[in-house]
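Because the structure is a prediction, the values reported are computed rather than measured. We count residues from 1, following the sequence as given.
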Amino acid sequence: YKRGGVFIKHKNKIIIILFTVVALIAVGFIYKSIHISKFESLDPSWGLGTKVTRSVSNDREYSWYVDQMTTGRNDIKNCGPSVVAMASKWQDKNSTLKTRDIVDKYIPEGTSFAGVYQYTLYTWLKENNVIISSISEITEESLISELDKGNILIVGLDMKDIKYNPNTTQRVGEYFDFSMVYGKVSHYVIVKGYKEVDNTMYFETYDPFSASQTYSDGQIIGKDRYYASDEFIKAICEYKEYSSSYTDWTDVIVIKETK
């Protein structure tokens with residue numbers, strides 16, 4: 001009986017321990033959910049909504065944004081060189097690589113330059129010691145999976161698939177009206193996070209085409225710009241289809257978190 005009593009006591013301890021572990025795991029999940037909704041508030045003027053159910057932002061505490069329209073020669077076409085410079089700075093805060101360095105090295109003055117394709121950016125990143133990989137599957141889930149790992153992305157877009165938003169106080173949608181532009185509007189942006197707000201998923205970007213425009217609070221317009229997932233994925237796929245006529249390599253570039 002004594003042995004039985006001891007056995008029962010030990011068994012009860014095991015049950016209590018298992019219950020405690022399960023409870024702690026449950027509390028962790030609850031806390032995570034509460035943490036997102038309770039501590040992350042959104043300014044209604046941003047135009048995203050109010051109730052955040054999921055959120056990731058792989059930002060840095062130091063400045064790493066580049067406005068391509070301040071980069072000198074070829075500035076209007078420098079979205080590619082600018083996202084490479086941003087990626088380098090994001091991965092290594094001590095990086096001194098500038099957009100102008102990339103332009104001067106890879107696009108000599110006098111060279112006919114109409115933009116670059118993803119593989120060119122991939123090559124530039126490799127040559128400048130940025131640790132990268134790539135993904136060929138373009139879905140909301142595949143992008144979120146990489147962002148959840150702490151990585152950021154470089155994507156090519158056809159900006160005509162992003163709706164123009166004339167409201168200059170909001171931070172969602174395209175802030176330039178490309179409707180009068182003939183043909184495709186190819187553009188590169190950094191994807192650094194996402195927010196699911198009121199059951200709509202948005203990707204958080206650093207869009208280099210700001211042209212020094214700012215919001216009323218002084219933040220430059222291309223920083224933390226949000227694009228609705230359905231439009232964003234369509235814009236990537238449209239660009240991928242278009243660029244595949246000229247190049248075999250159309251993957252999304254993944255900039256690895258190395259901390």
May I ask you to decide if [Y]'s main-chain N or O and [X]'s side chain share a donor-acceptor pair within less than 3.5 Å?
X: Thr247; Y: Ser243; answer: no
X: Arg225; Y: Tyr206; answer: no
X: Asp67; Y: Phe209; answer: no
X: Asp198; Y: Thr50; answer: yes
X: Ser45; Y: Thr169; answer: no
X: Gln219; Y: Lys223; answer: yes

Inspect the surroundings of [atom1] in [X] and state if more than 12 heavy atoms from other residues, nucleotides or ligands are less than 6.0 Å away.
X: Tyr119; atom1: OH; answer: no
X: Asp217; atom1: CG; answer: yes
X: Lys234; atom1: NZ; answer: no
X: Tyr62; atom1: OH; answer: yes
X: Asp177; atom1: CG; answer: yes

Can you name the nearest heavy-atom pair linking [X] to [Y], along with the distance?
X: Thr71; Y: Ser82; result: CG2-OG, 4.0 Å
X: Gly47; Y: Val172; result: O-CG1, 3.7 Å
X: Pro81; Y: Trp124; result: CG-CZ3, 3.8 Å
X: Gly173; Y: Asn165; result: CA-CB, 4.4 Å
X: Ile138; Y: Cys237; result: CG2-SG, 4.0 Å

Say whether [X] and [Y], considering side chains only, have a donor N or O and an acceptor N or O under 3.5 Å apart.
X: Ser95; Y: Ser88; value: yes
X: Gln68; Y: Asp75; value: no
X: Thr250; Y: Gln118; value: no
X: Tyr65; Y: Ser210; value: yes
X: Tyr106; Y: Glu127; value: yes

Task: Step-by-step side chain to side chain donor-acceptor pair (under 3.5 Å) determination, Ser142 to Ser145 - done: CA-CA 5 Å; Ser142 66; Ser145 176; over 6 Å; no
Open item on the list: Please evaluate residues Val191 and Glu204 with respect to the criterion side-chain contact (heavy atoms from CB on, under 4.5 Å), reporting the C-alpha separation (whole Å), side-chain torsions for both, the decisive distance (0.1 Å), and the verdict.
Closed with: CA-CA 6 Å; Val191 187; Glu204 179 182 282; over 6 Å; no
Please tell me if the side chains of [X] and [Y] come closer than 4.5 Å, counting only heavy atoms from C-beta onward.
X: Pro208; Y: Val66; answer: no
X: Glu231; Y: Asp161; answer: no
X: Met201; Y: Arg54; answer: yes
X: Val254; Y: Ile132; answer: no
X: Ile233; Y: Leu143; answer: yes
X: Lys184; Y: Tyr242; answer: yes
X: Trp249; Y: Tyr122; answer: yes
X: Ile154; Y: Val189; answer: no

Interatomic spacing from [atom1] in [X] to [atom2] in [Y] - rounded to 0.5 Å:
X: Asn128; Y: Gln91; atom1: CG; atom2: CD; result: 11.5 Å
X: Ile152; Y: Thr205; atom1: CD1; atom2: OG1; result: 11.5 Å
X: Arg100; Y: Thr70; atom1: CZ; atom2: OG1; result: 11.5 Å
X: Ser55; Y: Lys195; atom1: OG; atom2: NZ; result: 3.5 Å
X: Glu241; Y: Asp158; atom1: CD; atom2: CG; result: 10.5 Å
X: Met86; Y: Arg60; atom1: CE; atom2: CZ; result: 14.0 Å

TODO: Would you verify whether the NZ or CZ of Arg171 falls within 45 degrees of the ring axis of Tyr215 while also being under 6.0 Å from that six-membered ring's centre?
DONE: yes
Task: Verdict with supporting geometry, Phe176 and Tyr164, ring pair (Phe, Tyr, Trp, His ring centres under 6.0 Å) - done: CA-CA 6 Å; Phe176 287 100; Tyr164 170 59; 8.6 Å; no
Open item on the list: Before you tell me yes or no, could you show the steps for Trp90 and Asn58 under side chain to side chain donor-acceptor pair (under 3.5 Å), namely the whole-Å CA-CA distance, both residues' side-chain angles and the distance that decides it to 0.1 Å?
Closed with: CA-CA 9 Å; Trp90 176 86; Asn58 298 326; over 6 Å; no
Open item on the list: Checking Tyr227 against Glu174 for the side-chain contact (heavy atoms from CB on, under 4.5 Å) test, could you report, in this order, the C-alpha distance in whole Å, the side-chain angles of both residues, the deciding distance, and whether it holds?
Closed with: CA-CA 8 Å; Tyr227 296 116; Glu174 177 48 50; 3.7 Å; yes
TODO: Following the transitive rule for hydrophobic clusters with a side-chain heavy-atom cut-off under 4.5 Å over Ile, Leu, Val, Met, Phe, Trp and Tyr, establish whether Ile131 and Ile102 coincide in one cluster.
DONE: no
- [ ] Give the ring-plane orientation class for Tyr188 versus Tyr239, where under 30° counts as parallel, over 60° as perpendicular and anything between as tilted.
- [x]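 If you compare the ring of Tyr188 with that of Tyr239, the planes turn out perpendicular.
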- [ ] If the plane angle is over 60° it's perpendicular, under 30° parallel, otherwise tilted; pick one for Tyr194 and Phe203.
- [x]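 Taking Phe203 first and then Tyr194, their aromatic rings stand perpendicular (interplane angle over 60°).
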- [ ] Starting from the C-alpha separation in whole Å, work towards a yes-or-no answer on side chain to side chain donor-acceptor pair (under 3.5 Å) for Glu257 and Asn151.
- [x] CA-CA 5 Å; Glu257 172 61 272; Asn151 303 325; over 6 Å; no
Open item on the list: Test side-chain contact (heavy atoms from CB on, under 4.5 Å) on Asp207 and Met159; report intermediate values, then the result.
Closed with: CA-CA 11 Å; Asp207 187 326; Met159 296 307 291; 4.2 Å; yes
Open item on the list: Walk me through whether Asp251 and Ser136 qualify under side chain to side chain donor-acceptor pair (under 3.5 Å).
Closed with: CA-CA 5 Å; Asp251 290 1; Ser136 57; 4.7 Å; no
TODO: For the pair Asn94 and Lys89, evaluate side-chain contact (heavy atoms from CB on, under 4.5 Å) and give the outcome as yes or no after the intermediate values.
DONE: CA-CA 7 Å; Asn94 296 315; Lys89 187 68 174 178; over 6 Å; no
